[in-house]
Amino acid sequence: MSEPKVENPNPVETPDTNPTPSGSDSHSGMSLDSHKMEGDNMELQGNDAAQAPVEIPIKSGGAYVGIFLFCVMIAFGGFISGWDTGTIGGFLAHPDYLRRFGSRHTDGEYYFSYVRTGLIVSIFNIGGLLGCIFLGDIANKIGRKMALSVTAVIYMIGLIIQIASINKWYQYFIGRIISGVGVGAMSIFSPMLLTEVAPRHLRGTLGSMYQLMCTCGIFLGDCTNYGTKSYSNSVQWRVPLGLGFAWALIMIGAMLFVPESPRYLMDVGKVEEAKRSIGISNKVSADDPGVQAEIDMIAANIEAERAEGTASWGELFSPKGKMVHRLFMCSVIQSLQQLTGCNYFFYYGTTIFKAVGLTDTYQTAIVFGIVNFASSFVALYVVDKFGRRACLMWGAAAMVCCFVVFASVGVKRLYPDGKKMPASKGAGDCMICFSCFFIFCFACTWAPIAWVVAAENFPLRIKAKGMAIANSCNWLWNFLISFFTTFITGAIGFCYGYVFMGCMVFAFVFVFFVVPETKGLTLDEVNEMWEEGTLAWKSTSWVPSSRRGADYDADAMQHDDTPMYKRMFSFKK
């Protein structure tokens, strides 16, 4: 992440006192963890009492309606991504779209080959990957809000190329790549700004807004396809594409109202604006002592980061500060979000519905979209109630159960008399039930939390670069699964579910041993926990240095002689 030149005319004000953590980090959030916050209640003695942290007061839930609406606007990047996902699947079934961009049999029938289907659908993800890599750092140069506006413009340029396509599939193909570049960069900037403006005790909830808006986009995209399917001309697909302009313009307009990241503002020397941003997010005056304490903390951390020099890509692969460990953890989590098999269900689930008599694929998509969207509201509660680790682990375990039933019934019971004979309605109903339960489990846990984890665990100076690599892993696996699913399911059918089941078993173990709990911590405290080398499975008991009592054993957080099987089956996660 590029650092400002020393000649900055508005240098960061160095605090006169030792930095003290604020109770409400303007870029944090999540409900207060009882283990992490118990240090707040410890009796401070002697000089420690004079250094007790000044915290921004936590207000009742209704007071945060404003910041909630701001986060909806910021998360609109997720809506745009979901809109594309929800509409492109329906386009492939539209007769006009098929006639213009498909291939033609000798008998005159139009069709999409596996390769062309895979490319048209999944090339958007390659664009997303490119956007992460090449545009990920602009948020440090022009600010988070401006970066989101720029990427929305790039997305609209891609839309223009797609809408202008007449009958050349490769022109449409190019437009999808360009739109993907814009949306891929949004997948960095939206979660980044969400976690940097959200109050600490709401960071997990508000950070999950990106995925909630994504599911909303998928659902409304499915509904739009259903509404335009009766047309016989290009209205079928050009109207949904054209609506993408409205969503991009809404996002650009929203950036005029939402607060900028206080960390970015401090980084460029705009101290008073940073205070106002923190005050707006936490519903307090910019002159509140807690706001000043948070400003002091941010300033101290920025000065320390500047002393280390300009952040480079190579620094991400350095063991210093556990940086390479953080990159590995975030990249694997983002990859595993796709390896849950979510896209497999959205693609192959239509086959199950057909087997039990529901042949309208548009209705099928809407059913899944409703479950997905409704379940995302549950995520807003559980991510801050139970924490990141617990949600990821229990989510993985639940999805393993879903795959065991879904794949086994599909292989053994769906076609008891062979695939040329009618399917078993009872088996099909069972598979539909577990398909919906899988989507519920995914939408409540791995869908939103992967984005939150990637946005929380990198320090400011390297965050954009770290998120760029981690998020590009998500887009890469999204491409691979979208492209190859048609080929794989054609070869092994429902056995494909066992592959994803194995991935979720690995995910459970990986989260236990690698992913620390960040619930209830400011982003600066998350960085401190990493630098101390705290073991992931002990992170729920970790207490920041500013809130430790005399009897706190920091060294115990870094070592564990307990046998592995006892660690795994301990109830204290």
Side-chain angles (χ1 to χ4, degrees), residues 80-128 155-180 182-183 217-248 343 346-351 353-354 358-369 478-479 482-487 489-490:
I80 292 172
S81 176
W83 179 262
D84 181 87
T85 301
T87 54
I88 187 61
F91 290 176
L92 297 176
H94 289 327
D96 184 78
Y97 190 88
L98 182 62
R99 179 181 61 81
R100 290 173 183 268
F101 305 116
S103 302
R104 191 175 185 179
H105 284 301
T106 54
D107 61 2
E109 181 183 359
Y110 289 96
Y111 71 101
F112 278 116
S113 65
Y114 281 170
V115 173
R116 189 171 298 186
T117 299
L119 286 175
I120 288 178
V121 172
S122 60
I123 201 61
F124 185 84
N125 301 310
I126 292 297
Y155 169 72
M156 288 192 290
I157 292 172
L159 287 181
I160 292 172
I161 296 174
Q162 293 175 69
I163 292 174
S165 301
I166 303 300
N167 55 14
K168 300 295 187 292
W169 74 272
Y170 46 82
Q171 178 181 345
Y172 192 87
F173 179 88
I174 293 171
R176 280 187 62 73
I177 294 178
I178 295 174
S179 289
V183 175
I218 293 174
F219 171 61
L220 292 182
D222 290 334
C223 293
T224 303
N225 278 339
Y226 186 76
T228 61
K229 71 173 186 174
S230 60
Y231 292 90
S232 58
N233 53 23
S234 64
V235 169
Q236 289 181 322
W237 55 277
R238 280 189 169 133
V239 166
L241 276 178
L243 285 172
F245 283 102
W247 314 139
N343 285 331
F346 280 104
Y347 169 78
Y348 207 50
T350 56
T351 303
F353 280 79
K354 284 183 179 180
L358 185 56
T359 58
D360 191 329
T361 57
Y362 295 99
Q363 294 178 3
T364 302
I366 290 175
V367 169
F368 279 143
N478 199 335
F479 166 77
S482 299
F483 183 80
F484 288 109
T485 287
T486 52
F487 299 97
T489 53

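These numbers come from a predicted model, not from an experiment.
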Undergrad: Could you tell me the separation between the OG1 atom of T85 and the CD1 atom of I218, rounded to the nearest 0.5 Å?
TA: 5.0 Å

Undergrad: Taking all non-hydrogen atoms of both residues into account, name the closest pair between P240 and T224 and its distance.
TA: CG-CG2, 3.8 Å

Undergrad: Can you confirm whether Y231 is buried at OH, in the sense that more than 12 heavy atoms of other residues, nucleotides or ligands lie under 6.0 Å from that atom?
TA: no

Undergrad: Can you name the residues that form a ring-ring contact (aromatic ring centres under 6.0 Å, His included) with W83, not counting sequence neighbours?
TA: W247

Undergrad: Would I178 and Q162 count as a side chain to side chain contact (heavy atoms under 4.5 Å, CB included) if you check the C-alpha gap in whole Å, the side-chain angles of each, and the deciding distance to 0.1 Å?
TA: CA-CA 10 Å; I178 295 174; Q162 293 175 69; over 6 Å; no

Undergrad: I'd like to know if the side chain of S103 reaches the main chain of F112, judged simply by a donor and an acceptor atom lying under 3.5 Å from each other, with no hydrogens or angles considered.
TA: no

Undergrad: For the residue pair F124 and V183, establish whether any side-chain heavy-atom pair is separated by less than 4.5 Å.
TA: yes

Undergrad: Distance-only, no hydrogens or angles: does the R176 side chain make a donor-acceptor pair with backbone N or O of V121 under 3.5 Å?
TA: yes

Undergrad: Atom CG of L98 and atom OH of Y110: how far apart are they, to the nearest 0.5 Å?
TA: 8.5 Å

Undergrad: Can you confirm whether Y226 is buried at OH, in the sense that more than 12 heavy atoms of other residues, nucleotides or ligands lie under 6.0 Å from that atom?
TA: no

Undergrad: Side chain to side chain contact (heavy atoms under 4.5 Å, CB included) for L119 and W169? Distances and angles first, verdict last.
TA: CA-CA 10 Å; L119 286 175; W169 74 272; 4.2 Å; yes

Undergrad: Looking at CD1 of I366 and CG of L220, how far apart are the two atoms once the value is rounded to the nearest 0.5 Å?
TA: 10.5 Å

Undergrad: Please round to the nearest 0.5 Å and tell me the distance separating atom OG of S122 and atom CD1 of I88.
TA: 10.0 Å

Undergrad: Decide yes or no on side chain to side chain contact (heavy atoms under 4.5 Å, CB included) for H105 and Y111, but give the supporting numbers first.
TA: CA-CA 7 Å; H105 284 301; Y111 71 101; 3.3 Å; yes

Undergrad: So which atom in D222 and which in G86 form the shortest heavy-atom distance, rounded to 0.1 Å?
TA: OD1-O, 2.9 Å

Undergrad: Taking atom OG1 of T485 and atom CZ of F483, what is their separation to the nearest 0.5 Å?
TA: 11.0 Å

Undergrad: If every non-hydrogen atom of D96 is compared with every non-hydrogen atom of S232, which pair is closest and at what distance?
TA: CB-O, 4.0 Å

Undergrad: Calculate, to the nearest 0.5 Å, the distance between atoms CG and OH belonging to L241 and Y97 respectively.
TA: 8.0 Å

Undergrad: Under the rule for side-chain hydrogen bond (donor to acceptor under 3.5 Å, both in side chains), what residues qualify as partners of K168, not counting sequence neighbours?
TA: none

Undergrad: To check you understand the geometry: which heavy-atom pair defines the closest contact between N225 and H94, and what is its length?
TA: OD1-NE2, 3.7 Å

Undergrad: Can you sort out the partners of S165 under side-chain contact (heavy atoms from CB on, under 4.5 Å), two or more places apart, ordered by chain and number?
TA: F101, Q171, Y172

Undergrad: Which pair of heavy atoms, one from Q236 and one from P95, lies closest together, and at what distance?
TA: NE2-CD, 3.4 Å

Undergrad: Kindly determine whether T228 and F91 satisfy side chain to side chain contact (heavy atoms under 4.5 Å, CB included), including the steps that lead there.
TA: CA-CA 10 Å; T228 61; F91 290 176; over 6 Å; no

Undergrad: Without swapping roles, check the side chain of T87 against the backbone of D84 for a donor-acceptor pair under 3.5 Å.
TA: yes

Undergrad: Any non-hydrogen side-chain atom of R238 less than 4.5 Å from a side-chain atom of N233?
TA: no

